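Worksheet for the structure shown next.
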Number of protein chains: 2
Amino acid sequence: MNTNLKINIRPTTVSDVPLIFKFIKELAKYENLENHVTATEEIIKESLFGKKQYAEALIVEADSEAVGLVLFFHNFSTFLGKPGIYIEDLYIKEEFRGKGIGRKIFEYLSNLAKERNCGKIEWTVLEWNPARKFYEKMGGIPVEDWLIYRLTGDKLNELSENYQKSKN
Amino acid sequence: MNTNLKINIRPTTVSDVPLIFKFIKELAKYENLENHVTATEEIIKESLFGKKQYAEALIVEADSEAVGLVLFFHNFSTFLGKPGIYIEDLYIKEEFRGKGIGRKIFEYLSNLAKERNCGKIEWTVLEWNPARKFYEKMGGIPVEDWLIYRLTGDKLNELSENYQKSKN
């Protein structure tokens, strides 16, 4: 990739919250999931910089302009006995795609994984997302034979209430 | 489910590490993934009870006998702006399956999710695993349209080395 952009990836502080939230909304729009965003700036602030830190965010700069966001947390594999890096969000503004920024991000995260003794990086991708080609070029492999299951909403409430009842 | 077993689910301490590790190996055997276990007791101890706690473990008891393990960590959804509970391992000894213990575990975790303001519980399942029927009875739904990607091994090393080189 031949580009003259000066790319810099940096950790965030609480003053970046408005910027982080802006990128989260832009990513949701790209994924046609805008109506799924119920988070607010206040919630993001508490989740990333509050008492318990649930995730970490990085800002990607090109020629000192903020052009993207990486948001990740640590997962854990009992079989490996090692943590991993799970990328929850990876977003680059449309006009900055195809310029080698994604590769820089994966190099940065791979280095961080090594520094923190993580055995893997994982993430999920919408089936239709053209970024899959890029991910596979980076060495990412779709995990076969495993399905993701989710329990949420009314069912979660119902089971929780059953637990409460059984305690009384 | 009509069973006279007295089921108790309890958090673990460092003295439970040998038991936790025993169950991890039994689960790996059930999943035909025994040769993937590179963890050791020492590694599990450090990961669950060390300086940085990467995951939490619960022991399931039936009539005071330890019969199962739940190992989970918190993931995070930016769209919800909320953490979730991610079940990495859920194991019940074969002779104790079908006795309502799984339901108790899901009630316990759902209650914990509510206590900790989590919006969802997630986990992955091998496609052939008959436990899928049970998970769906609990209200779990297979997440469609999303693929899991993983980057590990040589590719991870290579990208990390590229990062190091670009820093020099």
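Since we're looking at a predicted model, the values are computed, not measured. Computed over heavy atoms, backbone and side chain alike; hydrogens, waters and symmetry mates excluded.
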* To do: Go through A:Glu127 and B:Leu147 one step at a time and tell me if the side chain to side chain contact (heavy atoms under 4.5 Å, CB included) criterion holds.
  => CA-CA 6 Å; A:Glu127 274 181 347; B:Leu147 299 169; 3.8 Å; yes
Under 4.5 Å to a heavy atom of chain A? For B:Ala113 that would be side chain
Whatever's closer than 4.5 Å to a heavy atom in chain A on B:Glu42 counts as neither
Turns out that what part of B:Leu71 lies under 4.5 Å from chain A's heavy atoms comes down to side chain
inquiry  = Is the shortest side-chain heavy-atom distance between A:Arg150 and B:Ile121 below 4.5 Å?
reply    = no
Is there a side-chain contact between A:Gln164 and B:Asn111 (heavy atoms, below 4.5 Å)? yes
Bottom line for B:Ile141: the part with an atom under 4.5 Å from chain A's heavy atoms is both
Cut-off 4.5 Å, heavy atoms of chain A, and the answer for B:Ser77 is both
Turns out that what part of B:Lys52 lies under 4.5 Å from chain A's heavy atoms comes down to side chain
*Report yes or no: does A:Ser160 contribute a side-chain atom to a donor-acceptor pair with the main-chain N or O of B:Glu107 at less than 3.5 Å?*
no
- Task: May I ask you to decide if the ring planes of B:Phe76 and A:Tyr54 are parallel, tilted or perpendicular, using 30° and 60° as cut-offs?
- Result: parallel
Criterion side chain to side chain contact (heavy atoms under 4.5 Å, CB included) on A:Lys120 and B:Leu156, from CA distance to verdict | CA-CA 7 Å; A:Lys120 57 182 182 178; B:Leu156 187 66; 5.6 Å; no
| Is there a side-chain contact between A:Ser110 and B:Leu151, using heavy atoms and a 4.5 Å cut-off? | yes
task: Indicate whether the side chain of A:Lys114 and that of B:Asn157 have a donor and an acceptor atom separated by less than 3.5 Å.
output: yes
Turns out that what part of B:Asp145 lies under 4.5 Å from chain A's heavy atoms comes down to both
Of the listed A:His36, A:His74, A:Arg132, A:Arg103, the one with the largest count of heavy-atom pairs under 4.5 Å with chain B is A:Arg132
Of A:Ile87, A:Leu33, A:Thr124, A:Asp154, the largest count of non-hydrogen pairs under 4.5 angstrom with chain B goes to A:Thr124
Original post:
Is there a side chain to side chain contact (heavy atoms under 4.5 Å, CB included) between B:Val143 and A:Tyr149 once you walk through the steps?
Top reply: CA-CA 6 Å; B:Val143 175; A:Tyr149 269 76; over 6 Å; no
Where the side chain of B:Thr152 meets the backbone of A:Gly119, is there a donor-acceptor pair that is under 3.5 Å apart? yes
- Task: Determine whether more than 12 heavy atoms belonging to other residues, nucleotides or ligands lie under 6.0 Å from atom NZ of B:Lys45.
- Result: no
Under a 4.5 Å heavy-atom criterion, the part of residues 78-86 of chain B in contact with chain A comprises B:Thr78, B:Phe79, B:Leu80, B:Gly81, B:Pro83
